[in-house]
Number of protein chains: 2
Amino acid sequence: MRAVTIKDIGKKLGINHSTVSRAINGDPRISVDTKRKVMDAVRDMKYTPNLAARGLIRGKSNTIAIITPSYFSNFSVDIMAGIEPEMIKTRYDVTYYTTSKYTTIGTQNKDSDLFAKILNERKADAVIVNGPIVGDPDILKRYKKAGIHIVYIEGKGDWGHRVHYDNQKAATMAVKYLADRGRKRIGLLVGNYEYVESMKERRDGYKKAMLDFTGKYDKDLTFSFYEDFGDACKNALMHFVDKKANAIYVATGDEDAIKVMAEAEKLGIKIPEDIAIIGQDDMKMAKIAGLTTIKQPISEMGKKAVELAVNAIEKNELKKMRDEIFYPELIIRKTTC
Amino acid sequence: MRAVTIKDIGKKLGINHSTVSRAINGDPRISVDTKRKVMDAVRDMKYTPNLAARGLIRGKSNTIAIITPSYFSNFSVDIMAGIEPEMIKTRYDVTYYTTSKYTTIGTQNKDSDLFAKILNERKADAVIVNGPIVGDPDILKRYKKAGIHIVYIEGKGDWGHRVHYDNQKAATMAVKYLADRGRKRIGLLVGNYEYVESMKERRDGYKKAMLDFTGKYDKDLTFSFYEDFGDACKNALMHFVDKKANAIYVATGDEDAIKVMAEAEKLGIKIPEDIAIIGQDDMKMAKIAGLTTIKQPISEMGKKAVELAVNAIEKNELKKMRDEIFYPELIIRKTTC
DNA sequence: TTGTAAGCGTTATCAT
DNA sequence: ATGATAACGCTTACAA
């Protein structure tokens, strides 16, 4: 079945379809009378515009794309919790892309291909990018030229607005709190800090804070992993025990911190008596697990990202890039004394 | 900046754009030579098709829409965890809609409006609907006529494929397990069973199982809430204590079960000694909280929904509706003895 | 205030 | 095997 078009409405009303279009789009030159007739017909005939056609001619999609490494990581979920209520207020649709599709081993696809696809297929008027995903400079230039806005959450590129978090301060807070309570041998569990910006910043913060608050930075107290945590968890804990750590700042997030807690329980290590643990992010699970952690206002960051994206679209802001930073907060629970 | 089109490619190669189109779409009548040239140009010029244009003429969107009450509820997240890896294998994009936008108080919007919008704007070739959202029969008829497929997860409508769960059996398993271990006064915490199909089924299962395994159904042992749980949690627990329950099956899910546990702790009620608790779904948090629960293979259900949707699109299956059912499993942890 | 006609990028239907 | 042209539904100069 064919859906109702403006031509159908025009035919029924005995007027031209362009008049219908103008009436629908609020063109001021249309007479109140025809406008009313058109609007009535729209309701009666259950007309809604074909956005493919509209997008084709306007070069706009009325859509904001969200790119995440995965839909369902804890981080993505919290970001979404912030994005959803904000998107609801707007007239934009949401399309989701995960980079996992574009980094599949065995194909030549890369993150850049996803950026290119969204650009060329005119799938979005703005793109919110979450995580360590970087469009290459060439693509970014094309986005700018095409007037498609970019907002990075916890990441950055040559061009685009930013919403990010003071990772260095987060690490500093963790170290200072532990050091103040007499824990001087603080281990750092961190991700791939050569590739992931946030991990680099947390590591830098940790390093400086160790010098400032314990007087000593011992590189043996850092354990980093590049792959899925899985078994590495056990290894990490063993490593810290071996190095006589009496505290750990799990910079990779609460989920890993909780995994470390589970390993400790198996090994009969008491938390916080033997080893204190501080997580990162304050995910829901941190509360359930009683984990002391450094909060990241992830949802608010998602909300702000939508604000920036919508603002950028409506004001077509392509030159002055906005940069919004959020700050950490210490949440004390039961894994520190 | 304009993106590269097939006309640009045609011009560069000195051939007609329709030939380019055919080459790209694998028309067998095209010569190997021109096909190669076209494909080279596609790569060099970084061409990707404008899907708005393609969608316009084909009447297809190459998109599957996902409708959930909210993006970020635990249930949605788990569904997505199943949907994502499956979608990655396909050539479809994902667009998200939450019904919250369409049930906002103060507007006349309804779920049906969302269905209508997706239909008329040709936003999707198939729709996966998650939760107690029902398109009205009229709209459904229009979907069928328009050839837009529907897959319900844990719900149903007059027309559409289904992926669902044996809720009745889930409740039966919970009751039987508790009764077998001597707990005969089992409370049921349930949602709005007049409106939500799954809640109705769980309640039915509970009722029958109480008769079968404890010999007695006492309606005072049922507590249902219609609104956000929040404070109702405390009331529920007090109610069950008052009615001398020695076990509770929290049919509304693990999250609520954990809230009940937290309330119990505040009140000095011992779990499982005083009251045993069984949750529902086996979310991630259930493991962290040590909650005994009835598993629902939510992710697998999401995966199956994508399979059904893609299959329906590609075979244009509009008459024979598929119905896939999944079964519960008891996961024993620490909140039952 | 309204009608006419061109055009967005693609695919489909004729030709050749 | 390829070219020319119409068509999808919409918006928008340009006319009237």
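Chain A is the first sequence line, chain B the second, and so forth, proteins listed ahead of strands; every chain is numbered from 1.
Taking side-chain N and O atoms only, B:Arg29 has no distance below 4.0 Å to OP1 or OP2 of D:dA1. Between B:Ser18 and D:dT2 there is no side-chain polar atom (N or O) within less than 4.0 angstrom of OP1 or OP2. Regarding contacts with the backbone of C:dT2, a side-chain N or O of A:Ser31 is found under 4.0 angstrom from either OP1 or OP2. OP1 or OP2 of C:dT4 lies within a sub-4.0 Å distance of a side-chain N or O belonging to A:Asn16.
Salt-bridge annotation for B:Lys304 and B:Glu307: present, with a side-chain N of the basic residue lying under 4.0 Å from a carboxylate O of the acidic one.
Backbone-only engagement by A:Ile15 is indicated by non-hydrogen atom pairs under 4.0 Å involving sugar-phosphate atoms exclusively.
Listed nucleotides D:dT2, D:dG9, C:dT2 differ in distance to A:Ala53; the shortest reach to its side chain belongs to D:dG9. Of the candidate nucleotides C:dT11, D:dA4, D:dT11, D:dT11 has the atom nearest to the side chain of A:Asn25. Proximity note for A:Ile30 (side chain, C-beta onward) versus D:dA4, C:dT2, C:dT10: the nearest is C:dT2.
Scanning atom types as modelled, one donor and one acceptor separated by under 3.5 angstrom connect the side chain of A:His17 and the base of D:dT11. At a cut-off of 3.5 angstrom, counting only N and O atoms as typed in the model, there is no donor on one side facing an acceptor on the other between the side-chain of B:Thr19 and the base of D:dA1. At a cut-off of 3.5 angstrom, the base of D:dT12 holds no donor-acceptor pair with the side chain of A:Arg54.
Mapping B:Ile57 and B:Val20 onto DNA chain D by nearest heavy atom places B:Val20 closer to the 5' end of the strand.
Taking the six-membered ring where tryptophan is involved, the planes of A:Tyr143 and A:Phe115 are perpendicular, since the angle between them exceeds 60° and thus also 30°.
The distance from atom CG of A:Leu56 to atom C1' of C:dT10 is 8 Å, rounded to the nearest whole Å.
At least one donor-acceptor pair under 3.5 Å links the side chain of A:Thr63 to the backbone N or O of A:Ser61.
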